[in-house]
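Below: the structure, in structure tokens.
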Amino acid sequence: MPFATKFPVAKFPVQSVRATYPALDDGHAYLDGAAGTQVPQSVIDAIVSAYRTGIGNAGGAFEASHRADEIVAACRAAVADLVGGLPDGVILGPNMTTLTYRLAGALALGWGPGDEVVVSRLDHDANVRPWIQLATRAGATIRWAEVDPATGELPVEQYTNLIGERTRLVAVTAASNVLGTRPDVAAITALAHAAGALTYVDGVHATAHGPVDIAELGADFYATSAYKWSGPHIGAVIADPALLETIRPDKLASSPDTVPDRFERGTSPFADLAGVTAAVNHLATMVPGTGTRRERLLTSLSAAEAYEQELFGVLIAGLEAMPHVTLYGKPARRSATAYFTVAGRTPREVAEALAARRVNVWNGHNYAWELTGALGIRDSGGAVRVGLVHYNDHSDVDRLLKAVTRLEE
Ligand SMILES: Cc1ncc(COP(=O)(O)O)c(C=O)c1O
């Protein structure tokens with residue numbers, strides 16, 4: 001049973017949730033959420049308040065410094081609640097790409113010739129290239145999981161042949177950032193663990209779209225980015241603190257050697273971290289609920305997921321009915337993300353025509369480098385991406401569909 005279906009699904013109050021996001025008042029349909037969401041007032045307030053109250057660097061003897069320490073601790077606790085981890089296992093950093101290079105660099109120190117790393121063509125390049133570059137430098141071998149271009153699925157069966165006793169790490173996404181495909185991560189990580197390999201799950205796209213439980217996913221490392229789920233531009237990697245204790249990244253002699261601090265480089269953006277905590281609290285309160293923050297997050301995000309999926313059904317049915325539109329992928333489980341081209345126009349021209357109607361969508365490969373290559377559209381400008389998030393409503397989808405209808409030659 002998918003994790004989300006274990007929770008009672010409350011009705012999602014989209015209009016009251018929209019009202020908490022000031023930017024949504026500007027008359028644009030923000031269908032670019034897969035590239036980054038807008039932020040609610042509570043996140044803006046938390047960032048402003050951190051600066052206004054007085055903030056020092058961490059670890060000092062005075063109050064403003066204590067506040068920085070408290071902000072970091074609160075942020076780790078919030079991110080842990082969001083994904084079902086432990087605060088001491090939350091590594092914070094500028095973004096997922098930077099953190100993934102950092103983890104790949106540290107893990108690859110223990111790899112050598114004969115070792116193998118499995119990556120997938122479904123993944124965003126940030127969960128592909130760091131592994132290829134660092135593993136290759138260590139003399140290890142890369143093995144590829146392929147996508148079915150017709151469906152956009154990442155078949156699990158192939159992993160039986162890909163994973164073996166020399167596999168050191170399996171990197172896989174929890175959701176494709178262009179097709180929305182949600183592969184069977186739990187099955188893939190189970191095969192990896194049976195072979196003694198570690199798993200690195202890219203949750204950057206998935207986290208925004210429903211409840212997450214890293215234990216259920218079997219993610220030894222789970223990467224996410226707060227700017228995809230109503231927070232500021234901050235990334236996080238969550239792992240078991242006991243696992244982190246076994247890894248020694250490059251670090252300064254003078255910086256803390258404790259976990260997770262030794263994975264964080266230089267001074268943290270404390271005010272933004274206060275914004276991350278506020279974003280998690282926002283997600284937990286979108287739907288009225290009771291219990292711990294973790295429990296409220298599960299209730300709220302289950303409702304958001306059900307709402308997004310219903311809206312996505314309207315979007316896909318509308319696009320499918322247009323003869324001049326080609327939709328990519330038809331995976332069985334997907335986040336509310338559509339990827340399509342329009343006959344006779346480049347993806348950029350489509351995005352520009354929609355922008356003229358104040359409908360914000362992305363065009364291009366969107367860093368799904370291998371996937372757009374497998375789909376045969378990377379060199380022709382990729383496709384147009386509509387990324388729904390919980391604050392989109394029927395009027396956004398309606399505007400998009402009307403604008404795309406007008407593009408029929
Ligand atoms: C699925 C996925 N993985 C990784 C990334 C990279 O994240 P970041 O911008 O935090 O480095 C993105 C960004 O769009 C993404 O969508």
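Remember, it's 1-based here, ligands and their atoms both numbered in the order they're listed. Heavy atoms only: backbone and side chains are in, while hydrogens, waters and symmetry mates are out.
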So, Thr207 and Thr224: side-chain donor and acceptor under 3.5 Å apart, yes or no?
yes
the protein heavy atom lying closest to atom 15 (C) of ligand 1 turns out to be His124 CD2, 3.2 Å
Closest protein heavy atom to atom 1 (C) of ligand 1, given as residue, atom name and distance to 0.1 Å
Asp202 OD2, 3.4 Å
Within the 4.5 Å heavy-atom criterion, are Ser300 and Leu283 side-chain neighbours or not?
no
When the ring planes of Tyr21 and His282 are compared, do they come out parallel, tilted or perpendicular, using 30° and 60° as the limits?
perpendicular
If you scan protein heavy atoms around atom 9 (O) of ligand 1, the nearest is Tyr227 OH, 2.5 Å
Of all the non-hydrogen atoms in the protein, which one sits nearest to atom 16 (O) of ligand 1, and at what distance?
Asn177 CB, 3.3 Å
For the 3.5 Å polar cut-off, considering only N or O atoms, please tell me whether Ala126 and ligand 1 meet it.
no
Going by side chain to side chain contact (heavy atoms under 4.5 Å, CB included), Arg385 matches just one of Leu31, Asp32, Asn366. Which one?
Asn366
heavy-atom search around atom 11 (O) of ligand 1 in the protein gives Thr97 OG1, 2.5 Å
Looking at ligand 1, does any of its N/O atoms fall within less than 3.5 Å of an N/O of Thr173?
no
Given Lys228, His205, His233, Met96, which one has a non-hydrogen atom that is nearest to atom 13 (C) of ligand 1?
Lys228
Could you check if a side-chain atom of Trp131 sits within less than 4.5 angstrom of a side-chain atom of Val118, using non-hydrogen atoms only?
no
Could you go step by step and tell me if Asp261 and Arg76 meet the salt bridge (Lys or Arg N to Asp or Glu O under 4.0 Å) rule?
CA-CA 11 Å; Asp261 310 66; Arg76 286 188 181 141; 3.8 Å; yes
For atom 10 (O) of ligand 1, what is the nearest protein heavy atom, given as residue, atom name and distance?
Ser225 OG, 2.5 Å
Quick check on side chain to side chain contact (heavy atoms under 4.5 Å, CB included): which of Leu122, Asp202, Val119 does Asn127 satisfy it with?
Asp202
